[in-house]
Amino acid sequence: MTPRHGTAQQQTRPHAAARPARWAADAVAVMREGARVRLDYSAQSLWRVDRMIEEIRREDAPYDAVRETLRGLGAYAGEVIVRHTGAEWWSSGGDHWIRTPDGRLWDPIDEARCCYGGSGSLRLLCRDALG
């Protein structure tokens with residue numbers, strides 16, 4: 001997915017960030033309470049997130065059953081990037097992505113879906129975004 005530039009519907013923080021920030025917070029709570037995994041918004045915590053997604057994938061859970069979990073974990077990775085780079089959430093047409101201060105665009109929610117499909121890494125996405 002390539003985010004669209006300059007659309008009239010684009011919104012920046014705080015409005016565009018409200019939903020992904022909530023999804024991320026929900027993912028942190030679910031991981032802490034359900035899986036006993038602590039997420040602290042550090043880049044290192046994305047190792048655990050990648051492993052969690054891999055475990056879900058190995059269980060062969062249907063995508064529809066894990067869609068919201070993946071969205072939350074992707075939003076969590078996005079919040080890690082936002083907090084460490086000063087990036088901002090952007091949204092358009094229901095999609096959410098991040099723009100880092102250098103102008104690059106990142107889609108951590110889609111990257112979480114790719115991880116579930118076996119071809120992505122939130123840890124590596126964050127590493128690239130942090131430069």
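One is the number of the first residue; the rest follow in order along the sequence.
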Under 3.5 Å, sequence neighbours excluded: what are the donor-acceptor pairs made by side chains of residues 122-131?
none

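By the salt bridge (charged side-chain N to carboxylate O under 4.0 Å, His left out) test, E55 pairs with no residue at all, sequence neighbours left out. Judged as a side-chain hydrogen bond (donor to acceptor under 3.5 Å, both in side chains), and not counting sequence neighbours, the contacts of E54 are R57, R58. Considering only residues two or more places apart in sequence or on other chains, T69 meets the side-chain hydrogen bond (donor to acceptor under 3.5 Å, both in side chains) condition with none of them. When the side-chain hydrogen bond (donor to acceptor under 3.5 Å, both in side chains) test is applied to T85, no partner is found at least two apart in sequence or on another chain.
Separation of atoms CZ (R71) and CG (D26) is listed at 8.5 Å; rounding is to 0.5 Å.
Relative orientation of the Y76 and Y41 rings is tilted, given thresholds of 30° and 60° on the angle between their planes.
Note on residues 32-48: no pairs pass salt bridge (Lys or Arg N to Asp or Glu O under 4.0 Å), not counting sequence neighbours.
Heavy atoms only, all atoms of each residue included: H96 and I109 are closest at CB-CD1, 4.2 Å. Heavy atoms only, all atoms of each residue included: S42 and S45 are closest at O-OG, 2.6 Å. Taking all atoms of both residues into account, the shortest heavy-atom contact from C115 to S121 is SG-N, 3.3 Å. Across all their heavy atoms, H84 and V80 have their closest contact at CD2-O, 2.9 Å. Taking both residues in full, the closest heavy atoms of P108 and G78 are given as CG-CA, 3.6 Å, listed atom of the first, atom of the second, then distance. The two atoms that bring A87 and I98 nearest to each other are CB-CG2, 3.3 Å, heavy atoms only.
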Check against side chain to side chain contact (heavy atoms under 4.5 Å, CB included), W106 and E111: CA-CA 9 Å; W106 308 89; E111 189 69 15; over 6 Å; no

Determine, stepwise, if the pair W97 / D110 fulfils side chain to side chain contact (heavy atoms under 4.5 Å, CB included). CA-CA 9 Å; W97 67 91; D110 188 55; over 6 Å; no

Verify side chain to side chain contact (heavy atoms under 4.5 Å, CB included) between W90 and L105, making sure each step is shown before the conclusion. CA-CA 9 Å; W90 288 69; L105 300 174; 5.7 Å; no

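A side-chain N or O of W89 and one of E79 form a donor-acceptor pair less than 3.5 Å apart.
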